[in-house]
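All figures in this text were calculated on a predicted structure; none of them were measured in a lab.
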Amino acid sequence: MHVNKVHSVKTIDRVARELGESVDWLHEVTEEMDAEDGVIWVYGDTDDGVMAFTDFGIETLTDLIEMHRKNPTILERRYARK
């Protein structure tokens, strides 16, 4: 039987504030992440969801931020392919 070890998540707004990053920029960076990377969508009473991260997701996101800081053309190349 699978045991879920996630006891809490943090919303993208909170993570952005804690990391000193823009929410909009983090949305762009997180396009590379999947549920296996620790990112999930949380839904309430409305159809609007909010992105949230497990502790592992925040670690993954921090690694992606570092990669994007070292090579800012990653997003430019992604948009050029679209």
Side-chain angles (χ1 to χ4, degrees):
M1 174 159 81
H2 175 73
V3 177
N4 187 348
K5 295 182 181 184
V6 175
H7 60 87
S8 68
V9 295
K10 291 184 181 181
T11 65
I12 192 166
D13 293 315
R14 176 148 182 185
V15 172
R17 186 176 64 247
E18 289 178 356
L19 297 178
E21 301 291 350
S22 157
V23 172
D24 292 335
W25 188 72
L26 288 185
H27 271 288
E28 292 180 23
V29 171
T30 58
E31 285 186 24
E32 301 172 36
M33 294 178 69
D34 293 315
E36 297 83 22
D37 300 319
V39 62
I40 63 170
W41 283 90
V42 179
Y43 296 93
D45 291 342
T46 67
D47 288 338
D48 298 331
V50 63
M51 186 181 288
F53 301 90
T54 63
D55 289 339
F56 177 69
I58 295 170
E59 290 176 30
T60 303
L61 178 60
T62 303
D63 291 342
L64 283 173
I65 289 169
E66 185 177 327
M67 286 174 38
H68 283 266
R69 292 280 183 231
K70 288 180 180 177
N71 187 357
T73 63
I74 294 171
L75 290 176
E76 293 170 14
R77 290 189 308 237
R78 183 185 315 148
Y79 292 124
R81 289 183 287 205
K82 288 184 177 182

Nearest heavy-atom pair of [X] and [Y]: which atoms, and what distance?
X     : Y     : value
Ile65 : Val29 : N-CG1, 4.5 Å
Val39 : Phe53 : CG2-CE2, 3.8 Å
Ser22 : Ala16 : C-CB, 4.3 Å
Thr60 : Asp37 : OG1-O, 3.3 Å

Just how far is it from atom [atom1] of [X] to atom [atom2] of [Y], taken to the nearest 0.5 Å?
X     : Y     : atom1 : atom2 : result
Met33 : Leu26 : CE    : CG    : 10.0 Å
Leu64 : Glu59 : CG    : CD    : 12.5 Å
Thr54 : His7  : OG1   : NE2   : 9.5 Å
Ile12 : Glu21 : CD1   : CD    : 11.0 Å
Phe56 : Leu61 : CZ    : CG    : 11.5 Å

Applying side-chain hydrogen bond (donor to acceptor under 3.5 Å, both in side chains) to Thr11 and Asp13, what does each step give before you reach the verdict?
CA-CA 5 Å; Thr11 65; Asp13 293 315; 4.8 Å; no
Side-chain contact test, heavy atoms from C-beta onward, threshold under 4.5 Å: evaluate it for Lys10 versus Met51 and give yes or no.
no
